[in-house]
Amino acid sequence: MSIVVGYLATVEGRAALDTAALEAERRGELLVVVVNERMDETPQQREEIEQALEQVRAGLAERGIEYEVRVIAAGRDVAEELIGAAEDTSASLIVIGLRRRSPVGKLILGANAQRILLDAPCPVLAVKPDLS
């Protein structure tokens, strides 16, 4: 069994990763970190993302959390990849980060988040960063 988390090097991504790591520790399960490459990334952005991933790896290893990092090639369907990772690893939970939205935007959940919530083979925990 595992905990699957969608990670981006953003405030929302870090909140999701922190929550997923806590759940993995608490449950004693593998943490599967799914990272999405973007088509519009510059070489400098790719380097920054790789540095962020190295920090993620080091932090998880330091905490003694068993983990796996899966990098999704640019252009792949993020929701499909997260759901696939959950199915592949018999996940007990998927963790995703949500960003703040305007009052009108709150009426519409992001397409990826909505698909994950509706199609996931296990419970989904959606977290928002603490911006206080």
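These figures come from a predicted structure and were not determined experimentally.
- Note on R14 versus E12: no salt bridge recorded, every NZ/NE/NH1/NH2 to OD/OE distance being 4.0 Å or above.
- For the pair C122 and A91, the tightest heavy-atom approach, listed with the atom from each and the gap, is CB-O, 3.4 Å.
- The side-chain contact (heavy atoms from CB on, under 4.5 Å) test applied to S92 returns M1, I3, R27, E29, not counting sequence neighbours.
- Side chains of L125 and I94 form no contact here, defined as non-hydrogen atoms less than 4.5 Å apart.
- Atoms CD and CG, on E81 and N112 in that order, are 11.0 Å from each other to the nearest 0.5 Å.
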Review item, side-chain donor-acceptor pairs of residues 52-66, under 3.5 Å, at least two apart:
| unit_1 | atom_1 | unit_2 | atom_2 | d |
| --- | --- | --- | --- | --- |
| E54 | OE2 | R57 | NH1 | 2.9 |
| R57 | NH1 | E50 | OE2 | 3.3 |
| R63 | NH2 | E25 | OE1 | 2.7 |

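- Under the 4.5 Å side-chain contact rule for hydrophobic residues, V35 and V5 share a cluster.
- No side-chain heavy atom of L31 sits less than 4.5 Å from a side-chain heavy atom of S2.
- One distance of note links CG of L82 with OH of Y7; it measures 14.5 Å at 0.5 Å rounding.
- The shortest heavy-atom contact between A85 and V32 is CB-CG1, 4.4 Å.
- D18 CG to E23 CD: the interatomic distance, rounded to the nearest 0.5 Å, is 12.5 Å.
- Looking at residues two or more places apart in sequence or on another chain, you find a side-chain contact (heavy atoms from CB on, under 4.5 Å) between E87 and I83, P121.
- Considering CG of D77 and CG of N36, their distance stands at 9.5 Å, rounded to 0.5 Å.
- Cluster membership for L93 and V69, using ILVMFWY side-chain heavy atoms within less than 4.5 angstrom, is shared.
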Evaluation steps, side-chain contact (heavy atoms from CB on, under 4.5 Å), between R70 and D88: CA-CA 12 Å; R70 295 184 180 192; D88 292 348; 3.3 Å; yes
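- L98 and I116 fall within the same hydrophobic cluster, where Ile, Leu, Val, Met, Phe, Trp and Tyr residues are linked whenever their side-chain heavy atoms come under 4.5 Å apart, directly or through other members.
- When side chains are defined from C-beta on, V4 counts as touching T89, because their heavy atoms get closer than 4.5 Å.
- Using a 4.5 Å heavy-atom cutoff, the side chains of V124 and I96 are in contact.
- Side-chain contact between L17 and V33 is present, with heavy atoms from C-beta onward closer than 4.5 Å.
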